[in-house]
A.B. asks: 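Can you keep this structure in mind? I'll have questions shortly.
Lettering follows sequence order; numbering is per chain, from 1. Computed from a predicted structure; not experimentally measured. Side chains included, hydrogens not; waters and symmetry mates left out as well; all remaining heavy atoms used.
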Amino acid sequence: MSQNLVESGAEVSSDRRREREKLVEIRNLKTYYGESGLFGGRPVKAVDGVSFDIFNGETLGLVGESGCGKTTLGRTLLQLEDATGGEVRYDGTDITELSGDELYQWRRNAQMVFQDPDSSLNDRMTVGEIVREPLDVYEWGTPQECREHVKELLDIVGLRPEHYYRYPHQFSGGQRQRIGIARTLALEPDFMVLDEPVSALDVSVQAEIINLLEDLQEEFGLTYLFIAHDLSVVQHICDRVAVMYLGNIMEIGPTDELFNNPANPYTHSLLSAIPKPDPTATADRITLHGTPPNPRYPPNGCPFNTRCPARIRPPEYEQLDDEIWMGINTLRDVLLERQRADRSLRERIRERLGRQTRFASVDETYDDLFGHLNIPQDAASVLDEIVDYAADNDEDQALAVLTEEFGSVCEKESPEYSTVSETGRQSFCHRHSEEHARPSEVLDERY
Amino acid sequence: MSNTESEQSMTDTAVRTDGGTETKQSLRQRVLSNPEPAAIWLAGLALLVAVELGRFVDWALTIGGGIKFILDGIVATPTWVGSNFEGTLGFVAGAVASDITSLLLLFIVAVFLRAYLPFHPDEKLGLDLSRSRHLWFERGFVTAVLAAVVSVLVFTPIGAALKNEVGFYVGILDSLADTQTLLSRETIPNHGYQTASGSWEGTFLGLSARSAWLVRFTMVWVYAAVVMSWLWRGYNVYREHYRRMDWTPRDDVIDRLRSHNWGRFGLVVVIGFIVLALFAPVIATYPIQENVYEPYSQDSEFKYFNEEAGEVQTALHGDANINSRSQGAGSQNVGINQYDDYGRYAPLGTTTSGEDLMTHIAYGAQTSLSIGLIALFLALGIAMLLSLASAYYGGIIDLMAIIGTDTIISIPIFVLVLMMSVVFQQGDVWIAEPMDGGLLLALIFAFAYMPGMWRSIRGPSLQVAEEEWVDAAKSYGQTPLAIMRKHMAPYVMSYLIIYGSLLVGGMIIVTSALSFLGYGVSEPTPEWGRLIASGRNAVSTQSWHVSTVSGAMIAIVVTGFNALGDGIRDAIDPQAEANAGGSGGGA
Ligand code: SF4
């Protein structure tokens with residue numbers, strides 16, 4: 001089913017999508033951790049304002065590096081986490097507002113398949129008890145009917161009725177995942193969040209579970225949110241894909257289009273990390289430097305700006321060497337790190353280490369980063385200025401100068417979503433506006 | 001999708017496949033379809049119970065008495081609350097307050113009983129209620145039914161009639177409890193006298209007092225061993241013939257415990273300790289009533305052969321005790337395995353006041369066991385509730401629990417227990433009466449040990465609260481209580497059992513230490529620590545046995561409990577479980 005939809009071409013699919021009703025509408029959803037903590041402090045912005053729709057009967061992939069907030073997003077959609085802000089409209093009801101009985105009534109509509117089949121099944125209960133529990137919670141039928149129904153469910157997911165009285169310990173990972181799937185099916189939900197359902201399984205079993213999920217979707221008309229980091233699985237099973245980075249959706253659109261012709265720089269980098277089966281593909285691998293920023297301290301402007309290979313550079317420095325840019329990025333990370341570490345401990349650390357130590361450390365960093373490079377005069381003088389400020393422990397000023405001189409709209413403003421194709425694919429990047437070159441062009445040029 | 005064979009190879013070879021045909025039957029049906037093993041086992045069990053029927057009934061009555069004690073306390077609360085209100089606000093307020101308290105109590109009962117309602121009253125009435133309304137409606141319904149039943153019992157003669165009825169049955173049970181059992185003083189008497197000719201009068205088969213007592217003593221242990229092995233056999237019969245599961249995770253735990261020598265030693269010691277406590281009336285050389293509690297009552301008279309006079313005379317235990325004291329250097333002594341001047345055999349000698357040491361040791365085990373069990377269950381229950389709630393809800397509840405328990409923990413346990421015992425015993429509160437302070441001590445222990453216990457299981461509770469199956473249960477709307485009970489408690493429980501068995505050892509030591517210092521359990525209830533205290537001046541003399549035997553008992557029992565705790569810990573060690581997980585199906 002998923003194949004047909006994509007193969008039928010962009011226009012048809014877009015029409016069909018317009019006809020299809022939205023099952024879940026997510027608007028400016030935010031999930032922050034640790035905000036209500038007793039000691040205050042900055043919250044971890046796991047999901048930082050995302051908006052998208054999930055259509056009835058589709059499989060929407062949600063990809064991104066680990067820690068990007070995709071699991072939190074999935075859990076928030078099921079109200080396993082409390083949303084900090086925004087709306088999740090399910091069939092028109094904002095479920096973030098539900099509580100008590102209403103939430104209980106709603107819960108049977110949406111279920112979750114968990115990543116780790118070892119942890120998602122209580123191994124002191126028999127398979128039958130596990131699959132039956134949701135039925136008991138909703139006081140579904142007589143005990144006899146429940147047992148029969150559970151056995152049907154076991155049959156549906158490819159297990160056998162006599163497995164009812166066995167314990168999860170007695171099953172392999174793939175079978176345990178089938179048990180978990182049977183449990184989610186028990187309440188006949190419409191919407192399922194699949195949180196990396198196969199990533200903990202042997203490769204040989206993965207395909208079976210994927211096929212099972214596809215068959216179930218067809219049979220019961222399920223809608224999936226498929227969270228994954230394995231892009232090849234996503235490409236296989238998903239109708240549309242959302243790419244997530246640091247709590248934001250960077251790009252969302254039909255799978256084939258997104259894979260073949262990515263719009264957002266982050267999607268580019270992510271895709272170039274998978275080996276291309278097509279030897280004629282010319283694109284070089286884009287290597288991302290560094291690690292994603294701490295979601296407690298997301299950067300200003302575009303969330304990807306600390307690592308973006310296509311970051312917009314100020315025109316006067318357009319010709320700077322890539323290595324120098326890398327150095328500048330790293331320097332910025334270091335300064336940000338110091339700025340944070342300082343706040344409370346700053347004075348004490350200074351006393352401990354003495355100013356000399358700190359002074360030397362900025363200098364050393366500078367040498368490490370730029371010592372072997374040939375820096376043009378104008379850039380060098382700015383860098384000197386920055387290092388001077390930093391040596392004076394004035395990171396704020398150093399960063400201000402750095403952003404002022406080397407920064408661009410990427411650091412200053414949060415991008416808008418731009419529609420980048422006729423299918424309504426959207427990308428979260430400044431480079432889609434008129435005055436900038438498209439990401440793909442820039443990337444071709446730079447790599 | 002249908003091709004699952006590759007995955008199933010692992011389990012299918014290892015697991016019997018006939019489970020599928022029987023799965024629809026209840027346990028009853030399964031027993032009926034293959035009655036032989038169950039019948040054999042039940043017949044054996046019936047025989048074992050029959051020979052000791054009186055004792056089993058007696059135990060049941062004791063437990064019933066304990067429950068009645070608690071129930072009486074609860075039933076008294078409405079009146080108590082009412083009279084408090086009445087004192088300040090007048091009669092009407094008092095009556096209202098006591099009615100409200102009664103209703104509240106009934107409501108608490110109703111919350112637990114609701115799940116067993118055979119039908120849904122709101123559906124019968126055609127009401128369409130949401131889940132929480134439905135719950136409250138049913139609870140209210142059960143409360144109303146209970147209130148109606150209670151009023152009928154209280155305000156009509158039916159209540160009195162029922163009371164008579166119950167009294168009648170309890171009376172029958174009482175007389176049953178008095179029937180002679182195989183292992184009893186009456187069947188195997190050991191207290192007689194030796195005539196001038198050297199033959200014994202009044203003992204079992206005319207054996208010497210020593211042999212007669214040994215026969216009874218041995219029989220107790222043989223009987224206990226047979227019962228234990230029969231129970232084990234019963235478990236195996238069930239496991240083999242009637243259990244629906246071919247394998248459960250608990251099987252592995254039991255197997256591991258069985259192959260754990262240190263743990264097995266602990267288990268044997270602990271079972272021995274329990275048997276000693278349960279069979280104290282049989283194991284004791286003389287009835288404790290006569291020898292210890294009321295040695296000067298007319299019932300405590302016995303016959304003995306006075307060698308000087310050359311004839312059989314009578315004496316009171318009390319008088320005999322005075323002449324049989326083990327007080328060390330230079331004075332009298334009745335040591336281990338000796339007779340006193342009155343022809344009374346003392347397997348472990350006598351105490352410093354001339355009472356029989358074996359009697360004291362056996363009943364002392366009863367004291368320790370009761371204190372340990374009451375304290376343990378209270379502490380376990382509270383710790384469990386606290387840890388589950390704080391792990392599940394986290395945040396402020398967790399913090400409050402930490403602060404509260406830390407306050408108690410910061411006081412050394414012995415000092416805390418000592419302070420509380422002194423305060424309560426000086427205050428002479430009614431709760432210090434049962435068991436001569438034993439019950440009070442149990443309550444103090446529960447209070448003092450609970451925080452430590454809660455802190456030790458906080459880690460595991462937090463860990464299990466993080467498991468995905470807890471999330472899964474939340475995602476299909478399971479109630480917090482049910483999540484804690486089904487998905488968290490079983491895991492925390494294993495840790496509680498480990499800490500519990502370690503704690504019982506600690507409690508026995510602290511009880512003894514307190515009694516040693518003169519607090520804790522006072523005269524005349526037998527207690528090991530007090531024995532040590534009384535005999536400590538004579539340790540280096542011929543009367544060394546008083547302190548040494550009781551000290552050794554404490555050491556052995558405490559070691560046993562620790563060993564059992566170690567064994568259980570190793571058996572349910574999550575690490576071992578994780579390693580064995582892959583091969584679990586083969587077990
Ligand atoms: S907005 Fe700038 S930093 Fe962000 S993805 Fe686009 S080009 Fe890169």
A.B. asks: Looking at Leu121(A), Leu78(A), Val113(A), which has the largest count of heavy-atom pairs under 4.5 Å with chain B?
C.D. replies: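 Heavy-atom pair counts peak at Leu121(A).
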
A.B. asks: Below 4.5 Å, heavy-atom pairs only: which of Arg183(A), Met125(A), Gln105(A) has the largest tally toward chain B?
C.D. replies: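 That would be Arg183(A).
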
A.B. asks: Considering non-hydrogen atoms only, spot the tightest contact between Met245(B) and Tyr165(A) and give its length.
C.D. replies: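 Where Met245(B) meets Tyr165(A) most closely, the heavy atoms are CG-O, 3.1 Å.
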
A.B. asks: Can you tell me which portion of Asp101(A) sits under 4.5 Å from chain B's heavy atoms? Options are side chain, backbone, both or neither.
C.D. replies: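 The side chain, not the backbone.
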
A.B. asks: Measuring from atom CG of Asp251(B) to atom OH of Tyr167(A), what distance do you get when rounded to the nearest 0.5 angstrom?
C.D. replies: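 That separation rounds to 8.5 Å.
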
A.B. asks: Given that the side chain runs from C-beta out, which part of Ala186(A) has a heavy atom under 4.5 Å from chain B: side chain, backbone, both or neither?
C.D. replies: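 Looking at Ala186(A), nothing touches chain B.
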
A.B. asks: Report which part of Ser120(A) has an atom under 4.5 Å of a heavy atom belonging to chain B: side chain, backbone, both, or neither.
C.D. replies: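 Looking at Ser120(A), backbone and side chain both touch chain B.
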
A.B. asks: Check this for me, if you would: do Lys486(B) and Glu133(A) make a salt bridge, where the nitrogen-to-carboxylate-oxygen distance has to be below 4.0 angstrom?
C.D. replies: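 Salt bridge between Lys486(B) and Glu133(A), a charged N being under 4.0 Å from a carboxylate O: yes.
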
A.B. asks: Could you pull out the closest heavy-atom pair between Leu80(A) and Asp471(B), with the gap in Å?
C.D. replies: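 Closest pair (atom of Leu80(A), atom of Asp471(B), distance): CD2-O, 3.6 Å.
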
A.B. asks: At a heavy-atom distance under 4.5 Å, which candidate from Gln79(A), Arg108(A), Met112(A), Arg75(A) has the highest pair count against chain B?
C.D. replies: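 That would be Arg75(A).
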
A.B. asks: Where is the tightest heavy-atom contact between Gly477(B) and Tyr104(A), given as atom of each residue plus distance?
C.D. replies: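 The answer is O-CD1, 3.8 Å.
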
A.B. asks: If you compare all heavy atoms of Trp469(B) against all heavy atoms of Asp118(A), which two are closest, and at what distance to 0.1 Å?
C.D. replies: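 Smallest heavy-atom distance, with atoms named: CZ3-O, 4.4 Å.
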
A.B. asks: Report the distance from atom OG1 of Thr126(A) to atom CZ of Arg244(B), rounding to the nearest 0.5 Å.
C.D. replies: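 These two atoms lie 9.0 Å from each other.
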
A.B. asks: Shortest non-hydrogen contact from Ser119(A) to Glu467(B)?
C.D. replies: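 Heavy atoms only, the tightest pair is OG-OE1, 2.8 Å.
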
A.B. asks: Which bit of Glu139(A) is near chain B, if near means a heavy-atom gap under 4.5 Å: side chain, backbone, both or neither?
C.D. replies: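 Contact with chain B involves the side chain of Glu139(A) alone.
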
A.B. asks: Report yes or no: does Gln478(B) contribute a side-chain atom to a donor-acceptor pair with the main-chain N or O of Val137(A) at less than 3.5 Å?
C.D. replies: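 No.
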
A.B. asks: Verify the distance criterion only: is there a donor paired with an acceptor across the side chains of Asp136(A) and Tyr476(B) at less than 3.5 Å?
C.D. replies: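 Distance-only check fails for Asp136(A) and Tyr476(B).
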
A.B. asks: Taking all non-hydrogen atoms of both residues, which atom of Ser475(B) and which atom of Gln111(A) are closest, and how far apart?
C.D. replies: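 The pair with the smallest heavy-atom distance is O-NE2, 3.3 Å.
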
